[in-house]
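Quick notes on the structure that follows.
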Protein chains: 2
Amino acid sequence: MNNRFPVSLHILTLLDDAKGELLSSDYLAGSININPVLVRKEIMNLRKFGFVDSKEGKGGGSFLAKNAADINLGEVYNAVKSDYILGQNKNEPNPKCPIGKQINQHLISLYSDAENALIQNLSKQTLADFALKFK
Amino acid sequence: MNNRFPVSLHILTLLDDAKGELLSSDYLAGSININPVLVRKEIMNLRKFGFVDSKEGKGGGSFLAKNAADINLGEVYNAVKSDYILGQNKNEPNPKCPIGKQINQHLISLYSDAENALIQNLSKQTLADFALKFK
DNA sequence: TGTACTGTAACAAAAATAATTACAGAATGA
DNA sequence: TCATTCTGTAATTATTTTTGTTACAGTACA
């Protein structure tokens, strides 16, 4: 499991806390304690989903592009998710085995169902709700 | 993300299908298409949780230790889970940052809540239900 | 007593993840 | 105008995680 979800949520929380003030990738990286280039990559992704925006050049940085109350954590999860969470499913079971032959399709439907439950749970909370805990 | 959940479920499904007949780690590995030693390791774990049992020596192998209807997939998930599913949480954010200082505790409570939703969803289905799909 | 298994450790290989280096280009302001 | 401080992005390296491999002792069977 990679660390993209917590990193993205950390970034978003910091940006929310900054109340519109621009934060540099160096500053963000310093709080999260990871490499600034990783932060910039993650921000590119968050920007793709319309959560944040950035300003280049001196004095530049990033800021929230929508209200924290309009970003729910399920959306954030969807923005960073890559594989199925329960298994990478890059295995190719033996097609000669009656079980192996079919298992991937059953696993996938199991995964998406379970993952939906996870996302639905995350979606109950917005970034604003989450940020409110930091007091 | 590792492949332990699908591997375990694949093993259990094959054992259920075998209806008590002993299956060797070589046979199981052949269907899953992974290394037999990995299978044996996974079986050790499944045994620890009482799902399967094995017999050593010639003609040995593994078999289900409880009824497939009494194994639900949430239990299987719990048996193989290690990290939090939403992030490894091995990062140490900057303790001087008011956000960084607190975020891990909030992430952890978020994770366990979301993971509970996932497990609850998985628990709706038993191994018997899952195996029934292979017809 | 040979054969076919499991259990388990130690090590190697491969894959995934993260860090680092580097630099072009944008915006600022002295 | 030009040094400075940022972002955007690619390329490379390092680290960590995961998987595969080899090896062998011990067990059970025939």
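Everything quoted here is computed from the prediction, not taken from an experiment. Chain naming here is simple, since letters A, B, ... match the order of the sequence lines and numbering starts at 1 in each.
Among the nucleotides dT6(C), dA19(C), dT28(C), the one closest to the side chain of Leu38(A) is dA19(C). Between dG25(C), dT27(D), dA18(C), one nucleotide has an atom nearer to the side chain of Asn3(A) than all others, and that is dA18(C).
Atom pair Tyr27(B):OH and dT6(C):C1' shows a separation of 19 Å (rounding to whole Å applied). Following rounding to the nearest Å, Glu42(B) (CD) and dT6(C) (C1') show an atom-to-atom distance of 16 Å. Distance, Leu22(B) CG to dT27(D) P: 18 Å, rounded to whole Å. Straight-line distance from the CG atom of Asp83(A) to the C1' atom of dT18(D): 13 Å, rounded to whole Å. Taking atom CZ of Arg47(B) as the reference point, atom P of dT6(C) lies 11 Å away to the nearest angstrom. Going from atom CZ of Arg40(A) over to atom P of dT7(D) covers 6 Å, rounded to whole Å. Atom CG of Leu46(A) is separated from atom P of dG8(D) by 12 Å (rounded to the nearest Å). Rounded to a whole Å, the NZ atom of Lys58(A) is 20 Å from the P atom of dA24(C).
Positionally, the nearest nucleotide of DNA chain C for Ile43(B) lies more toward the 5' end than for the other of Ile43(B) and Val37(A). Nearest-nucleotide mapping onto DNA chain D: of Lys55(B) and Gly61(A), the residue sitting toward the 5' end is Gly61(A). Residue order along DNA chain D, read from the 5' end via each residue's closest nucleotide, puts Gly59(A) first among Gly59(A) and Asn33(B).
Nucleic acid contact class of Asp26(B) (heavy atoms, under 4.0 Å, all strands): none. Nucleic acid contact class of Ile34(B) (heavy atoms, under 4.0 Å, all strands): sugar-phosphate only. Residue contacts for Asn35(B): at a heavy-atom cut-off of 4.0 Å it reaches a base atom on one of the strands shown. Residue contacts for Ser25(B): at a heavy-atom cut-off of 4.0 Å it reaches the sugar-phosphate backbone alone, with no base atom in range.
For CD of Glu92(B), the number of neighbouring non-hydrogen atoms (other residues, nucleotides, ligands) closer than 6.0 Å is 12 at most. Within 6.0 Å of atom OH in Tyr27(B), 12 or fewer heavy atoms from other residues, nucleotides or ligands are found, so the atom counts as exposed in its surroundings.
Contact check, Lys41(A) against dA10(D): no side-chain N or O comes under 4.0 Å of OP1 or OP2.
Judged by a 6.0 Å distance limit and a 45° cone about the ring axis, Lys48(B) is not positioned over the six-membered ring of Phe51(B).
Ring geometry for Phe134(A) versus His106(B): interplanar angle over 60°, hence perpendicular rather than tilted (30 to 60°).
Between Leu28(B) and Ile43(B) there is a side-chain heavy-atom pair separated by less than 4.5 Å.
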